[in-house]
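Here the structure comes first, spelled out in structure tokens, and everything after it is commentary.
Not measured: the values here are computed from a predicted model. Numbered from 1 within each chain, the chains take letters A, B, ... in sequence-line order.
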Number of protein chains: 4
Amino acid sequence: MSVTSSQPRRPHSGSRRDEAARLAVLHAADDLLAEHGFGALTVEAIARRAGVAKQTIYRWWPSKVEILLDTLIEDSTKSLPVPTDKPTAESIRGYLRRFARFLTRDPAGKVLLALIAEAQHDPETAKSLHKRYLDPRRQQERDMLARAIEAGEVSPGLGPDATIDALVGPIVYRALTGASIPRGLVDTLVEDLLRPRSD
Amino acid sequence: MSVTSSQPRRPHSGSRRDEAARLAVLHAADDLLAEHGFGALTVEAIARRAGVAKQTIYRWWPSKVEILLDTLIEDSTKSLPVPTDKPTAESIRGYLRRFARFLTRDPAGKVLLALIAEAQHDPETAKSLHKRYLDPRRQQERDMLARAIEAGEVSPGLGPDATIDALVGPIVYRALTGASIPRGLVDTLVEDLLRPRSD
Amino acid sequence: MSVTSSQPRRPHSGSRRDEAARLAVLHAADDLLAEHGFGALTVEAIARRAGVAKQTIYRWWPSKVEILLDTLIEDSTKSLPVPTDKPTAESIRGYLRRFARFLTRDPAGKVLLALIAEAQHDPETAKSLHKRYLDPRRQQERDMLARAIEAGEVSPGLGPDATIDALVGPIVYRALTGASIPRGLVDTLVEDLLRPRSD
Amino acid sequence: MSVTSSQPRRPHSGSRRDEAARLAVLHAADDLLAEHGFGALTVEAIARRAGVAKQTIYRWWPSKVEILLDTLIEDSTKSLPVPTDKPTAESIRGYLRRFARFLTRDPAGKVLLALIAEAQHDPETAKSLHKRYLDPRRQQERDMLARAIEAGEVSPGLGPDATIDALVGPIVYRALTGASIPRGLVDTLVEDLLRPRSD
DNA sequence: AGGTAAACGAGACGGTACGTCCAGTCTTCGG
DNA sequence: CCGAAGACTGGACGTACCGTCTCGTTTACCT
């Protein structure tokens, strides 16, 4: 018997998790958020759009927040990596610019804003968002900052977390209030907060 | 003697808007948000708690967002006025500290966070929030800043709105992520962003 | 403008129960049972068919069994009254014949069979069926029988309930098993069970 | 009968139908019906209880009705045989008494009631119930009756099926309505219906 | 002083989404 | 090839709120 029908033609798999369904749900959630806003983001709508039964969603995700977290983590790992190579002020500025762009342009950025918003309404969301997204990312950002300080590139007047919040906060806040994020804002933040007067 | 009846004992009024009902709704909304979180803040629950018919709410407020805006405006006018008297760096720092305290301690601060959150989900909320709260307050903040600049007290490296966002953003962001706002953060923000290096 | 629109034009009433909705539900349930069988008799289908919201059903009926009981009581009061006037063997025979006809021909008869069936699956149904239908009707039947005995028309060899069950049981059983109920069966039951040999 | 292999030590057999699984399903169905009523009798629950995969059930039984029919046939063959030996009125009365006892006491009797009930809801069940249980049994009962008539033991005023229904109907009906079946009822039915007035 | 109009509480209504449960089908994997 | 395991679509369940509506009652204003 030869190699016949080696292409993976399977309507849906069976005893193992259906990867196609997983992706369909993730994309459906993303698309609905982008196209019709958070109000349209119901589990029923996701299921409808993904061509999947509601139960399949509830089997794998405890809530729609976790779906969004999945898409956010996947997307932001790809399109918004924290720099690990050159610990320079320049690379930090680049990261913040990409972050600003991510929040205002990339659909995945809307997902983060939506999750921050949802976290205000629901403590469970707050916990998940921290544990699965904010905290790990913050750790990487702290590393980035620590290496830049060690290299003598920057010397902030605040502790690591406060410094990062001072940089990131204005960007997030403007995104949340629908304002654009001008290049000069990021530059000035980096300039004023990472290189204080006294040297 | 006897008839005292100075207390407003009227089962319900008649042909004019019932002020007692208005206050009952506002307080019910506030209380529910504080006690049981945003999830419990349904129109039905507000009506139940306020001892008011649902229709009475819909008659006067187009949505529960407007209820929250009413409470927010009332409360933040009282407990968080924008300084108008002395245009000094010190008074700006004081304002920011009170703002930080408002967001993290005052129940009314939670209302602002909830509205910023809701604005991510619903454009109508975003519009109302800007028009009725953020924009007017921002105008006062711009005035405060302009007078301080004119008085030579501060000289920020950014335009007015960007400067204010750079100060306010970190505070809001930390509040949104459930972090405390240390005194040093506000001080350093004011120091670094309002009195940049002289060159 | 005169007496115009004295006819009761009201789309739906408001604060009082909507009689039109009540009837729509009852008829929808009846129709669905008749047209598509018990399997199609879901609350959702009834709501759909009646043009009524599901909640309107749950507001007034604790279960679909109670809906069926309502239709059954209403219908069988009309089309299958227990004779109250002439306490003769003939009137009893007539009643049994109408009962047989009701079970096999009248759509409302199917409702009774369905409820007897459902009572086997669910004790709550059994309780309701007895309390609201079987018991009151049985009381009337006992009265009918007692008066006939008193009048010397009949003299059964069994107690009242056993006698009635001996008459009614075969009819119900044949209906349940999809058999027809020949005239002679009813006649012979009356003959053999109500007028025993010894006199 | 050879090796008997009385200890049932086989985890599961392999290529032939697993008798242990078959029995486990049958008993699980019986037990669930007896313990938790018809409502608990879902295919999933049977599979769970029997320690068997759902598919194993669907492979061998087209529906849960057929499972119940299997148990019913097996049980009622054992505990409720139709008399074949002595064609007397007495043996018929004995059979009816055992039948009454079967319906009200034996768990397997509940299975028959449940199947009669289910047949009202689903035509497929009605067909199966007749074909596999009611019709064959009825044939035996007709034989029993015919032999008794031929022997001059009884002389009913009705045709065979009507006669049997007149005897069985009251018993089934009382069982369906949760009533007890007094000894005198069976006696009187036999007396009045099988030995009518001599004229 | 009486009549009218508005606001009130109450709550029924048609809807939409929730999260759960089961039916019946399908696929994988081990024996 | 059988059976255990279990993922999958589909659809009904009963609940919670939504925003709209109508009822009957209660004032306040305006003739």
Side-chain angles (χ1 to χ4, degrees), chain A residues 10-18 20-22 39-48 51-60 62-64, chain B residues 10-18 20-22 39 41-48 50-60 62-64, chain C residues 10-18 20-22 39-48 50-60 62-64, chain D residues 10-18 20-22 39 41-45 47-48 50-60 62-64:
Chain A
R10 36 176 105 163
H12 73 88
S13 48
S15 182
R16 286 289 167 270
R17 178 165 186 180
D18 186 345
R22 195 189 126 257
L41 199 71
T42 67
V43 174
E44 303 227 311
I46 296 173
R48 216 147 41 218
V52 141
K54 231 184 347 168
Q55 184 57 32
T56 297
I57 295 183
Y58 283 109
R59 190 175 357 257
W60 298 109
S63 73
K64 71 185 170 198
Chain B
R10 36 176 104 164
H12 69 87
S13 52
S15 167
R16 283 290 168 268
R17 179 167 187 179
D18 185 344
R22 192 187 130 258
L41 200 71
T42 68
V43 173
E44 304 229 312
I46 296 173
R48 212 146 45 218
V52 141
K54 236 187 342 171
Q55 185 55 29
T56 298
I57 295 182
Y58 283 111
R59 190 175 357 256
W60 299 108
S63 73
K64 72 185 170 198
Chain C
R10 36 176 105 165
H12 73 87
S13 49
S15 183
R16 288 286 169 271
R17 177 166 188 181
D18 186 344
R22 195 190 126 255
L41 199 71
T42 68
V43 173
E44 303 227 311
I46 296 172
R48 215 146 43 216
V52 140
K54 229 183 349 167
Q55 185 57 34
T56 296
I57 296 183
Y58 284 110
R59 194 178 350 260
W60 298 108
S63 73
K64 69 188 170 196
Chain D
R10 32 177 110 164
H12 68 88
S13 53
S15 166
R16 284 291 169 272
R17 178 168 186 180
D18 186 344
R22 193 187 131 260
L41 200 71
T42 68
V43 173
E44 303 227 314
R48 212 148 42 219
V52 142
K54 237 188 338 173
Q55 186 54 30
T56 299
I57 295 182
Y58 283 111
R59 197 180 340 264
W60 298 109
S63 73
K64 71 184 170 198

Classify the nucleic acid contact of T42(D) as base, sugar-phosphate or nothing, counting any heavy atom under 4.0 Å across all strands shown. sugar-phosphate
Restricting to non-hydrogen atoms, name the atom on V52(B) and the atom on I57(B) that form the minimum distance, rounded to 0.1 Å. CG1-CG1, 4.0 Å
Can you name the closest pair of heavy atoms from A21(A) and T56(A) and give their distance? CB-CG2, 4.5 Å
Within less than 4.0 Å of OP1 or OP2 of dA12(E), is there a side-chain N or O belonging to T56(C)? no
Take atom CD1 of I46(C) and atom C1' of dC13(F), then tell me their distance rounded to the nearest Å. 13 Å
Ignoring hydrogens and angles, are the base of dG10(F) and the side chain of K54(A) linked by a donor-acceptor pair under 3.5 Å? no
Residues in side-chain hydrogen bond (donor to acceptor under 3.5 Å, both in side chains) with Q55(A), at least two apart? none
Mapping V43(B) and A21(A) to their closest nucleotides on DNA chain F, which lands nearer the 5' end? A21(A)
Closer to the 5' end of DNA chain E via nearest nucleotide, is it G51(C) or R22(B)? R22(B)
Could you pull out the protein-nucleic contacts involving nucleotides 29-31 of chain F (nitrogen or oxygen on both sides, under 3.5 Å)?
none

d(NZ, K64(B); P, dA16(F)) in whole Å: 16 Å
So which heavy atom on A47(D) is nearest to which on A53(D), and how close? CB-C, 4.3 Å
State the CZ-CG distance between R59(A) and D18(A), to the nearest 0.5 angstrom. 10.5 Å
Taking the side chain as every heavy atom from C-beta outward, state whether W60(C) and R22(C) have any pair of such atoms under 4.5 Å apart. no
Would you kindly compare A45(B) and R59(D) by the position of their nearest DNA chain F nucleotide and give the one closer to the 5′ end? R59(D)
With sequence neighbours excluded, what pairs up with K64(A) under the salt bridge (charged side-chain N to carboxylate O under 4.0 Å, His left out) test? none
Could you check whether the side chain of Q55(B) and the base of dC8(E) have a donor-acceptor pair of N or O atoms closer than 3.5 Å, going by distance alone? no
W60(D) side chain N/O closer than 4.0 Å to the phosphate oxygens (OP1, OP2) of dC2(F)? no
If you assign R48(A) and V52(C) each to the DNA chain E nucleotide with the nearest heavy atom, which residue ends up on the more 5' nucleotide? V52(C)
Could you tell me how far apart D18(B) (CG) and dA28(F) (P) are, to the nearest whole angstrom? 10 Å
Consider the side chain of E44(B), meaning its heavy atoms from C-beta on, and name the nucleotide among dC8(F), dC18(F), dC21(E) that approaches it most closely. dC18(F)
Could you check how far CD1 of I57(C) sits from P of dG15(E), rounded to whole Å? 12 Å
